[in-house]
Peer 1: 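Please read through the structure below; I'll follow up with questions.
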Amino acid sequence: FLPVDDGDDTTDEHVAPPTRRETLASVVLLLVALVVVVLSAKLLAPAMEAAVDRAGAPRAVVGILIAALVLLPEGVAAIRAAIANRLQTSLNLAMGSAIASIGLTIPTVAVVALAMGWPLALGLDHKSTVLLALTLFVASISLRTGRTNVQIGIVHVVLLGTYLFMSFIP
């Protein structure tokens, strides 16, 4: 997606690469932030479990709520960028957030759980596995050419809705 040309050429300028010290500081702060997020989620989980139990929803909903809470800042920023007609920025925020959540949060959760002696369960049931495979297939189609369209976007939204529906009504 190409940005809309608004005549402002200052956005094409590149910044200087970070120094080794800045990079190291960023890595350390990233790891600290990830541990804080994991511990915060662990502290919020009992209250969310109680609320989910009172609502009569399955326990899987707790994971969805925590994931939504973790992804909320980037999600809001992606929506704001889309409203401002900055589609590439919106996609970068949304995809980067999802990839970071999968690629960084899950290993961090595993390490913290092992270090603290907490039980860890990352399994998927059969329905979720089928939806995951279908989602990956649709994503591979939409990302293969470097172009996408509204129809494939709607298919992704329908898959998300199906996952949420199946999580609430097993």
Side-chain angles (χ1 to χ4, degrees), residues 15-82 88-140 142-143 153 155-170:
V15 297
T19 64
R20 289 188 186 270
R21 184 177 178 181
E22 291 171 334
T23 302
L24 181 62
S26 296
V27 168
V28 169
L29 289 173
L30 174 66
L31 293 174
V32 168
L34 282 170
V35 170
V36 168
V37 166
V38 169
L39 293 176
S40 297
K42 183 70 174 172
L43 291 173
L44 285 173
M48 287 187 175
E49 286 175 356
V52 165
D53 288 341
R54 281 194 304 274
R59 282 285 175 108
V61 174
V62 174
I64 293 170
L65 292 175
I66 289 175
L69 186 65
V70 169
L71 296 175
L72 184 64
E74 291 90 352
V76 170
I79 290 170
R80 291 179 70 194
Q88 187 64 55
T89 302
S90 176
L91 286 172
N92 290 348
L93 283 165
M95 295 296 286
S97 176
I99 290 168
S101 292
I102 294 167
L104 295 173
T105 305
I106 291 176
T108 303
V109 168
V111 168
V112 170
L114 289 173
M116 303 292 260
W118 296 334
L120 180 64
L122 296 175
L124 294 172
D125 62 2
H126 296 297
K127 290 180 285 189
S128 296
T129 303
V130 170
L131 283 171
L132 177 62
L134 186 58
T135 301
L136 292 173
F137 176 71
V138 172
S140 70
S142 62
L143 296 175
V155 171
H156 281 288
V157 170
V158 167
L159 287 170
L160 173 65
T162 303
Y163 173 74
L164 293 174
F165 179 78
M166 298 295 265
S167 294
F168 282 94
I169 302 171

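Note that the coordinates shown come from a computational prediction; the quantities given were computed from them, not determined experimentally.
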Peer 1: Please give me the minimum heavy-atom distance between Ala45 and Val62, naming the atom from each residue.
Peer 2: O-CG1, 4.5 Å

Peer 1: Considering all heavy atoms of both residues, which atom of Val112 and which atom of Trp118 are nearest to each other, and what is their separation?
Peer 2: CG1-CZ3, 3.7 Å

Peer 1: Using the test side-chain contact (heavy atoms from CB on, under 4.5 Å), find all partners of Ala57 that sit at least two apart in sequence or belong to another chain.
Peer 2: Val52, Val61, Phe168

Peer 1: Measure the CG-CG distance between Leu134 and Leu159 for me, rounded to the nearest 0.5 Å.
Peer 2: 5.0 Å

Peer 1: Without placing hydrogens or testing angles, list every side-chain donor-acceptor pair under 3.5 Å for residues 71-78, not counting sequence neighbours.
Peer 2:
none

Peer 1: Hey, what do you get for NZ (Lys42) to CD1 (Ile66), rounding to the nearest 0.5 Å?
Peer 2: 9.0 Å

Peer 1: Measure the CG-CZ distance between Leu93 and Arg80 for me, rounded to the nearest 0.5 Å.
Peer 2: 11.0 Å

Peer 1: With respect to Met48, which candidate in Ile64, Leu65, Asp53 satisfies the side-chain contact (heavy atoms from CB on, under 4.5 Å) definition?
Peer 2: Leu65

